[in-house]
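Report on the following structure.
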Amino acid sequence: MAEPSLARLSALFFGFLLLLATYSWVPVLHSGFLSGTGVRKTLGPDPKPRVDHSSAKPHHPLDPLTVREIERVRTILLGHDPRFGSGSATIHSMALDEPDKTRVVQWKKGNRLPSRRAEVLALSGGQSHVIVVDLDSGRVLSDVVNPTSGYPILTMDDLTVASQVALQSIEFNRSVEARGVKLSDLVALPTFTGWYGPEEEGRRILKVQCFTSQDTPNYFMRPIEGLYATVDMDKLEVIKIVDKGPVSIPKAAGTEYRYSVLNKPVHMDRINPISIEQPDGPSFQVENGHLVKWANWVFHVKADHRSGMIISQATVRDSETGEPRSVMYKGFPSELFVPYMDPEELWYYKTYLDAGEIGLGPAAMPLVPFNDCPRNAYYIDGVFALPNGKSIVQPNMICLFERYAGDVSWRHSEILIPNADIRESRPKVTLVARMATSVGNYDYTFDWEFQTDGLIRVTVAASGMLMVKGTPYQNVDDLGDKENDSGPLISENVIGVVHDHFITFHLDMDVDGPTNNSLVKVHLEKQRVPNGKSPRKSYLKVKKYVAKTEKDAQIKLSLYDPYEFHIVNPNRKSRLGNPAGYRIIPGGNAASLLDHDDPPQTRAAFSNNQIWVTRYNRSEQFAGGVLVYQSHGDDTLQVWSDRDRSIENKDIVLWYTLGFHHIPCQEDYPVMPTVAASFELKPANFFESNPVIGVAPFLEKDLPVCTPFASS
């Protein structure tokens, strides 16, 4: 029986609103349209004066496209292909096509900017287009069709349409109603399909699964298990419905997470508010919205459709001469890989490549003042293009703030010299650039943290909701031999499916210049002491090996075969003759254990190793390829590295894959506490000595006077 039209409209509208809540870049949620520009609403007090993006101009060769430039690209594309005006051709991403690296490095403030160009990923007539537009001449410079397998990043329109198509299926709706779910409570969410063979060739598809939002906003914890629809996005029709029969829907009780609604005792003493006070104001400056200057660091930061946040041209001042020295030309999260470990028909395809399939920028909600970022934060907006080519502003997408948490930069107290009163300690104050993105159920926070000793720490923190599976079981004692099928029971009727997170970073290290860097593998090798030479039996000896080609730099980490990995400039020597360098220091990590011929792993072959070094090529930016959606894995970091180009004393790129396995537990329900992993880029013979030895300590007279709380 077909549902009443009112119920259908209610279901479509409610599901659509929840999709809008999940993805932040839909224009109906935005107020204040300026020349077609949407501005996203913020939560709470506005932490900085509004920027008039309608008149903004670029000031640096790497500044992102402005509102005016996006509008100009749209006009140029309309002249190039009228289908962009009719809606039959859509823009899936638009970003600055950055000038050649040499021109950017040579550019000085006050010079004329290099030619401004835009790279557009578009879909027209079922074909993928990579288009380069010259803004100065008003011409399309190139329009490459289907350069590799795969399709461009999905748009919000794609997700909305897929849900609508599924909900127009009478058979699909009957399956929902058979489970006792009201269509007014139904949330139909499209999920990305990966690529599994010829059946999916030549057409874009999305798989739509359902949840119920009855009595909770946390619909992710109430999956309608055993049902999905496959939608052909070209023909806008349902091509397959899988219905395995009803499975118990998890309860709504205990899924609420909003503070304004919760009435749950915490059973802990109150923690008083904490805030960093800076009586002289912040120590950093932001010039023209993107160039950051702090302590001995200068770098460029911008929002990006695909990568979320990009750090460029990071330089640190030499501790002896004050000379600005290049460390990194460009760093950003290149791709994410999140495979779920359930091979069943309704789950096998859930192996997401988030950056290339949906983009980290559009999914970035405005940061929450005082919670995502402290009181002393400075906020930066993102400006992106909608599918119709108009611009939209994501306010407060990035924040910058100084961090001091009582950590120590260096210290020493002298105890061995009699009567010596030597107690030297220095506070560690750092500068953090932060961006958070909500990719569906998961929230990722990306931090780039700069220290005055030259270290850069990169941290990825994950929170949000698990992707869970409905089950008829309510207790582990009922599971029997099914206990470990796809994950543990984390609540009644809820299985937390085991999965991985891998984030691969593109780190274009330019240590003292772009053209003369090498990878040095510093090996700790165990040596056996000859009999009678020493009471010791063994020791470790350092041996250094210079990687000659890219295959020499495909590296799997091992605790029992320890290496350090240094990016050095052999042409810049210290006074002792050591080459200037930076080393990558891995944090806690995990390796992908999937077989290399497993389709998800083939597409995400960048996670085959933890460290890679490749020859610089401006077209090799994204570890999963330019066109990722339904890609076959023919344009990945693995493919580029297997070309085995020379990397000694060349312009090279370091790639690092940060990862962790996630076996869910009850504490992850209904919202997961944050889990974080990090790595560091640390100077190695870059400075002549400790660069912060002369930094002044904090003294009480320098700090604001706060009256302590007196207990009665």
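Computation of the quantities below employed the complete heavy-atom set of this structure, encompassing side-chain atoms and omitting hydrogens, waters and symmetry-equivalent molecules.
- Using a 4.5 Å cut-off on side-chain heavy atoms (C-beta onward), M397 and D381 make no contact.
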Name every donor-acceptor pair, under 3.5 Å, that has one atom in a side chain of residues 103-113 and the other anywhere in the protein, sequence neighbours excluded.
{"from": "W107", "atom 1": "NE1", "to": "N111", "atom 2": "O", "distance (Å)": "3.2"}
{"from": "W107", "atom 1": "NE1", "to": "R112", "atom 2": "O", "distance (Å)": "3.3"}

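- Using a 4.5 Å heavy-atom threshold, the side chains of D158 and Y151 count as separate.
- Proximity of a side-chain donor or acceptor of D234 to a complementary backbone N or O of R204 within less than 3.5 Å is detected.
- Interatomic distance, F622 CZ to L627 CG, rounded to the nearest 0.5 Å: 11.0 Å.
- With sequence neighbours left out, the ring pair (Phe, Tyr, Trp, His ring centres under 6.0 Å) criterion links Y444 to Y442, H501.
- Using modelled atom types and a 3.5 Å distance limit, the side chains of S115 and D134 yield a donor-acceptor pair.
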When you look at T351 and Y196, which way does the side-chain contact (heavy atoms from CB on, under 4.5 Å) test go after all the steps? CA-CA 11 Å; T351 54; Y196 292 91; 3.2 Å; yes

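- Atoms CG and CG, on D651 and D508 in that order, are 5.5 Å from each other to the nearest 0.5 Å.
- Classification of the Y349-Y228 ring pair by plane angle, with boundaries at 30° and 60°, yields perpendicular.
- H506 and F332 have parallel rings, their planes meeting at less than 30° on a 0 to 90° scale where 60° marks the start of perpendicular.
- Rounding to the nearest 0.5 Å gives a distance of 9.5 Å between CG of L78 and OG of S86.
- You'll find the side chain of D63 stays beyond 4.5 Å of the side chain of L96, heavy atoms only.
- Salt bridge absent: R618 and E119 never bring a charged side-chain N and a carboxylate O closer than 4.0 Å.
- Annotation: side chain of D81 is not in contact with side chain of I131 (no heavy-atom distance under 4.5 Å).
- Checked against the 6.0 Å centroid threshold, Y616 and Y329 do not count as a close aromatic pair.
- For the 3.5 Å distance criterion, the side chains of W655 and T614 qualify, holding a donor opposite an acceptor.
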Starting from the C-alpha separation in whole Å, work towards a yes-or-no answer on salt bridge (Lys or Arg N to Asp or Glu O under 4.0 Å) for E620 and R643. CA-CA 13 Å; E620 296 173 3; R643 293 170 184 157; 3.0 Å; yes

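- No side-chain donor-acceptor contact under 3.5 Å links D510 and S326.
- Shortest non-hydrogen contact noted between A303 and P64 is O-CB, 4.3 Å.
- Of the residues listed (L360, I153, D354, I358), the one engaging R306 in a side-chain contact (heavy atoms from CB on, under 4.5 Å) is I153, and it is the only one.
- In this model, no donor atom of one side chain and acceptor atom of the other lie less than 3.5 Å apart for S149 and S631.
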Run the numbers on N617 and S619 for side chain to side chain donor-acceptor pair (under 3.5 Å), then give the verdict. CA-CA 5 Å; N617 185 323; S619 69; 2.7 Å; yes

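- The aromatic rings of F220 and F211 sit perpendicular to each other, their planes meeting at more than 60°, with 30° as the lower class boundary.
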Intermediate values then yes/no, side-chain contact (heavy atoms from CB on, under 4.5 Å), V338 and M467: CA-CA 11 Å; V338 187; M467 182 66 72; over 6 Å; no

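- Rounding to the nearest 0.5 Å places CD of Q601 at 10.0 Å from CG of D597.
- Between I91 and F84 the shortest side-chain heavy-atom distance falls below 4.5 Å.
- Using a 4.5 Å cut-off on side-chain heavy atoms (C-beta onward), M94 and E69 make no contact.
- No hydrogens or angles considered: nothing links the side chains of Y629 and S128 as a donor-acceptor pair under 3.5 Å.
- For the pair F192 and L353, the minimum side-chain heavy-atom distance is 4.5 Å or more.
- For the pair R116 and R72, the minimum side-chain heavy-atom distance is 4.5 Å or more.
- When each of K101, H300, Q621 is paired with K330, the side-chain contact (heavy atoms from CB on, under 4.5 Å) condition holds for Q621 and for no other.
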Before you tell me yes or no, could you show the steps for S93 and V120 under side-chain contact (heavy atoms from CB on, under 4.5 Å), namely the whole-Å CA-CA distance, both residues' side-chain angles and the distance that decides it to 0.1 Å? CA-CA 6 Å; S93 72; V120 178; over 6 Å; no

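- Among L135, N288, T66, the single residue meeting the side-chain contact (heavy atoms from CB on, under 4.5 Å) criterion with P58 is T66.
- With no hydrogens or angles considered, no side-chain donor-acceptor pair links H596 and Q638 at under 3.5 Å.
- Nearest heavy-atom pair across A229 and I241 is CB-CG1, 4.2 Å.
- Atom CG of L121 and atom OG1 of T90 lie 11.0 Å apart (nearest 0.5 Å).
- Atom NE2 of H92 is separated from atom OG1 of T155 by 5.0 Å, given to the nearest 0.5 angstrom.
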